[in-house]
Amino acid sequence: MRKYVIMGVQGSGKGTQSKLLADDLDLVHISVGDIFRWHVKNHTKLGAQVRRVVAAGELVGDDLVEDVVRDRLQLHDWNYGFVIDGFPRNRRQAEFFLESYDIDGVIHLDLPDEEVRRRVLARRLCSRCGMDYNLIAHRPEDEGRCDVCGGELVSREDDSPDALARRLRDYHNKIDPVIELFRRKEYVMAVDARADKYTVQQTIRDRFNLPPFDPSPRADRVYESRA
Ligand code: AMP
């Protein structure tokens, strides 16, 4: 069983790195931000409660977040473990987490604020199918249109320069003490997140003594090993 927390400012590649790790090692990727976005999109009661806060790039209240994390982990669909992304975001959430669950490590994706701004302001989302784009790393073929469904590409509501500046300030105020708390328990491995995504993934594997990263799709590898 492998249980990891992945931390890093928005745009540091938490989602990408979590998915690469989770898909390969059969871990469940739990993104608290995705859970909230799902509720907003599907107009649930929780979605109505958090919609404005999420759109403004502010943090949802701790009680609500802890309930969401507890409910999600209680599904126990994580036989081989999980990578939790976007949580904990402050000291109280970290203390709640440490009291309730034992973890194997904290992956801290380290990215300078300047690079965060460059990456986040280039993010786009298809308004129809939800596909992610990035005008630096993953450009659509037709500017402003989704390659998959032709839908219009838009910025996420919480990716405006103002919301981002607020988030960065908030992030440092709240996250630095969390990293310090985890560091005291010797859980934290800092990884330079400026490198390309495969290099970052390999560095994570090296730090935690995990099997080396193979960028070929998993189905291909199964096929090759059978051949
Ligand atoms: P993310 O995709 O991780 O940036 O999350 C998107 C939004 O969801 C954040 O801007 C917050 O409004 C909310 N959110 C996600 N995780 C947390 C958390 N641990 N605590 C409070 N709010 C959160």
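Heavy atoms only: backbone and side chains are in, while hydrogens, waters and symmetry mates are out. The first residue in the sequence is number 1, and the count goes up from there. Owing to the predicted nature of the structure, the values given are computational and were not obtained by experimental measurement. For ligands, and for the atoms within them, numbers begin at 1 and follow the listed sequence.
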Hey, do the aromatic rings of Phe213 and Tyr198 have their centres closer than 6.0 Å?
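When the ring centroids of Phe213 and Tyr198 are compared, they turn out to be within the sub-6.0 Å range.
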His29-Asp85 side chain donor-acceptor pair, cut-off 3.5 Å
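On atom types as modelled, these side chains qualify, holding a pair under 3.5 Å.
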Pairing donors with acceptors under 3.5 angstrom, does anything connect the side chains of Arg70 and Gln74?
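Short answer, no.
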Heavy atoms only: give me the nearest Gly130-Leu125 pair and the separation to one decimal.
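Shortest heavy-atom separation between Gly130 and Leu125 comes out as O-CD1, 3.4 Å.
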Close N/O pairs between ligand 1 and protein, under 3.5 Å:
unit_1, atom_1, unit_2, atom_2, d
ligand 1, 2 (O), Arg37, NH1, 3.1
ligand 1, 2 (O), Arg37, NH2, 2.9
ligand 1, 3 (O), Arg89, NH1, 3.2
ligand 1, 3 (O), Arg89, NH2, 3.4
ligand 1, 4 (O), Gln10, NE2, 2.3
ligand 1, 4 (O), Arg89, NH2, 3.2
ligand 1, 12 (O), Glu58, O, 2.5
ligand 1, 16 (N), Gly86, O, 3.2
ligand 1, 16 (N), Arg89, NH1, 3.4
ligand 1, 19 (N), Gly86, O, 2.8
ligand 1, 19 (N), Gln93, OE1, 3.0
ligand 1, 20 (N), Gln93, NE2, 3.0
ligand 1, 22 (N), Val60, N, 3.0

For a side-chain contact (heavy atoms from CB on, under 4.5 Å) check, start with the C-alpha distance between Asp63 and Arg92, then their side-chain angles and the critical distance, and finish with the verdict.
CA-CA 10 Å; Asp63 289 335; Arg92 173 175 148 182; 2.5 Å; yes
Does the side chain of Asp104 come within less than 4.5 Å of Tyr187's, by heavy atoms?
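The answer is no, as the side chains (C-beta and beyond) never meet within the 4.5 Å cut-off.
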